[in-house]
Amino acid sequence: MDATEVMLPRLTRREFREALQAGKFQAAILATASNEQHSEHLPMDFDLIAVTHIAREAAATLYPQVIVTIPMAIGISEHHMIHKGTISAKPGGWLAVLYDAVESLARHGIRNILILNGHGGNTAPIKASLDQWRLHFKLLNPGLNLHFASYWDLIPVDFLHKHMKTRAIPGHAKEFETSIALTLIPDKVRQAAMREHTDSDPLEATPEKGRLFVEEAVRQTVMYLRKMISGDNSLPEVEHFP
């Protein structure tokens with residue numbers, strides 16, 4: 001076992017059990033993503049790649065306080081089903097699985113859970129259910145601290161406006177996401193397709209911007225988690241970009 005492993009699926013049951021007994025993993029990140037079209041130039045698993053990277057890096061920064069669970073790789077993407085290859089879940093079934101994942105973590109004794117979202121289509125269904133979930137857990141698991149945030153909403157608006165030429169935040173396979181892809185998975189970005197597309201926004205993307213966006217997303221996620229773990233009850237619901 002890597003002494004600083006933060007990904008739950010890579011641990012054995014003994015390693016996870018002993019870590020909990022030692023007081024590690026006071027918080028968990030449950031990443032939600034999608035498998036859907038990202039224009040002609042980005043792979044369909046971009047959301048999963050981006051949000052999992054941010055979650056892992058934030059947890060590594062806070063080790064041994066935070067664990068990252070297996071992510072929700074399929075999201076609510078009915079609005080993209082017109083494009084072949086998109087895999088979408090119905091909101092009811094998807095939310096049931098997400099709730100069960102949260103409940104599983106709570107039953108293992110983790111008191112702080114952050115649902116870190118990487119796909120815009122997941123936002124409204126989660127936010128519509130979150131208060132009911134909290135009321136339910138208030139009776140079954142008093143003290144559970146459950147939060148939701150999309151990683152782009154944790155980045156200050158002024159920071160993004162300072163570094164972006166366009167205003168599509170997060171957009172869909174536009175300047176913001178394409179910049180992140182050029183940083184995390186440059187060999188998977190189809191540069192020729194970007195130049196052929198009628199949408200010119202992705203052409204404003206650079207790996208330098210992507211590095212800044214990812215670093216800031218990780219930094220802000222770390223700050224958010226620290227406040228959760230410390231018991232700071234002043235954390236607002238974050239949503240700059242619907």
Side-chain angles (χ1 to χ4, degrees), residues 1-34 43 45-73 97-98 100-119 141 143-156 159 177 179-188 207-208 210-232 235 238:
M1 168 190 171
D2 184 338
T4 58
E5 181 60 70
V6 297
M7 301 300 293
L8 177 57
R10 296 176 185 167
L11 299 178
T12 67
R13 69 182 192 185
R14 172 183 290 178
E15 290 163 352
F16 185 58
R17 179 180 70 248
E18 291 180 348
L20 291 177
Q21 291 169 347
K24 297 180 180 180
F25 305 145
Q26 301 165 46
I29 303 175
L30 205 173
T32 54
S34 71
D45 62 349
F46 167 79
D47 289 344
L48 178 65
I49 291 168
V51 73
T52 303
H53 177 88
I54 291 164
R56 183 175 61 246
E57 291 302 306
T61 300
L62 291 170
Y63 184 86
Q65 294 176 289
V66 181
I67 191 77
V68 181
T69 73
I70 190 166
M72 298 275 285
V97 174
L98 180 61
D100 287 346
V102 170
E103 184 182 40
S104 294
L105 292 168
R107 289 171 63 183
H108 293 320
I110 295 178
R111 311 309 300 162
N112 301 284
I113 300 172
L114 173 61
I115 301 171
L116 186 65
N117 182 47
H119 168 56
N141 293 275
L144 179 65
N145 188 16
L146 176 62
H147 283 262
F148 166 81
S150 296
Y151 72 82
W152 53 82
D153 280 328
L154 295 175
I155 304 174
F159 180 92
E177 290 191 332
S179 293
I180 291 175
L182 286 170
T183 294
L184 298 183
I185 48 169
D187 58 322
K188 303 299 183 184
E208 291 75 22
R211 178 182 57 79
L212 291 172
F213 299 156
V214 169
E215 288 178 352
E216 187 63 16
V218 170
R219 191 174 78 86
Q220 294 294 336
T221 303
V222 167
M223 291 172 59
Y224 199 90
L225 285 162
R226 279 179 174 151
K227 290 180 179 180
M228 286 180 62
I229 294 169
S230 71
D232 187 340
L235 284 169
V238 182

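Counting begins at 1 with the first residue of the sequence. It should be emphasised that the depicted structure is a prediction, and the values quoted were computed from it without experimental measurement.
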- Which distance, rounded to the nearest 0.5 Å, do you find between the CG of L146 and the CD of E103? 12.0 Å
- Can you name the side chain to side chain donor-acceptor pair (under 3.5 Å) partners of R10, sequence neighbours left out? none
- Message: Can you give me the closest heavy-atom contact between R111 and G143, atom names plus distance?
- Response: NH2-C, 3.5 Å
- Query: Does some side-chain heavy atom of I67 sit less than 4.5 Å from a side-chain heavy atom of L11?
  - Reply: yes
- Task: On the 0 to 90° scale, with breaks at 30° and 60°, tag the F25-F16 ring pair as parallel, tilted or perpendicular.
- Result: parallel
- Going from CD1 on I185 to CZ on F46, what distance comes out if it is rounded to the nearest 0.5 angstrom? 6.5 Å
- What's the verdict on side chain to side chain contact (heavy atoms under 4.5 Å, CB included) for L62 and V222, showing C-alpha distance, side-chain angles and the deciding distance? CA-CA 7 Å; L62 291 170; V222 167; 3.9 Å; yes
- Could you pull out the closest heavy-atom pair between A50 and L184, with the gap in Å? CA-CD1, 4.0 Å
- Task: Can you measure from NE2 (H108) to CG (L8) and round to the nearest 0.5 angstrom?
- Result: 7.5 Å
- Query: Got a sec, which residues hit side chain to side chain donor-acceptor pair (under 3.5 Å) with N117, two or more places apart in sequence or on another chain?
  - Reply: T32, N122, T123, S150
- Return the minimal non-hydrogen interatomic distance between L114 and A149, and the atom names on each side. CD1-N, 4.1 Å
- I180 side, atom CD1; I54 side, atom CD1 - distance, nearest 0.5 Å: 5.5 Å
- Item | For R219, side chain to side chain donor-acceptor pair (under 3.5 Å) partners two or more places apart | E216
- Item | Criterion side chain to side chain contact (heavy atoms under 4.5 Å, CB included) on L116 and L154, from CA distance to verdict | CA-CA 10 Å; L116 186 65; L154 295 175; 4.1 Å; yes
- Query: Between the main-chain N or O of P207 and the side-chain N or O of S179, is there a donor-acceptor pair closer than 3.5 Å?
  - Reply: no
- Taking only residues two or more places apart in sequence or in another chain, which ones pass salt bridge (charged side-chain N to carboxylate O under 4.0 Å, His left out) with R211? E215
- At their closest point, which heavy atom of L48 faces which heavy atom of P71, and how far apart are they? CD1-CG, 3.5 Å
- Query: In Å and rounded to the nearest 0.5 Å, what is the CG to CG distance from L182 to D187?
  - Reply: 10.5 Å
- Closest heavy-atom contact between Q26 and N112? O-ND2, 3.0 Å
- Item | Under the side chain to side chain contact (heavy atoms under 4.5 Å, CB included) test, residues paired with R56 that sit two or more places apart | V6, M7, T52, H53
- Pairwise distance CD1(I70) to CG(L30) - rounded to 0.5 angstrom: 10.0 Å
- Nearest heavy-atom neighbours spanning L144 and I110: CD1-O, 3.6 Å
- Query: Would V66 and I229 count as a side chain to side chain contact (heavy atoms under 4.5 Å, CB included) if you check the C-alpha gap in whole Å, the side-chain angles of each, and the deciding distance to 0.1 Å?
  - Reply: CA-CA 9 Å; V66 181; I229 294 169; 4.1 Å; yes
- Query: In chain order, what residues pass the ring pair (Phe, Tyr, Trp, His ring centres under 6.0 Å) check against Y151, with sequence neighbours excluded?
  - Reply: none
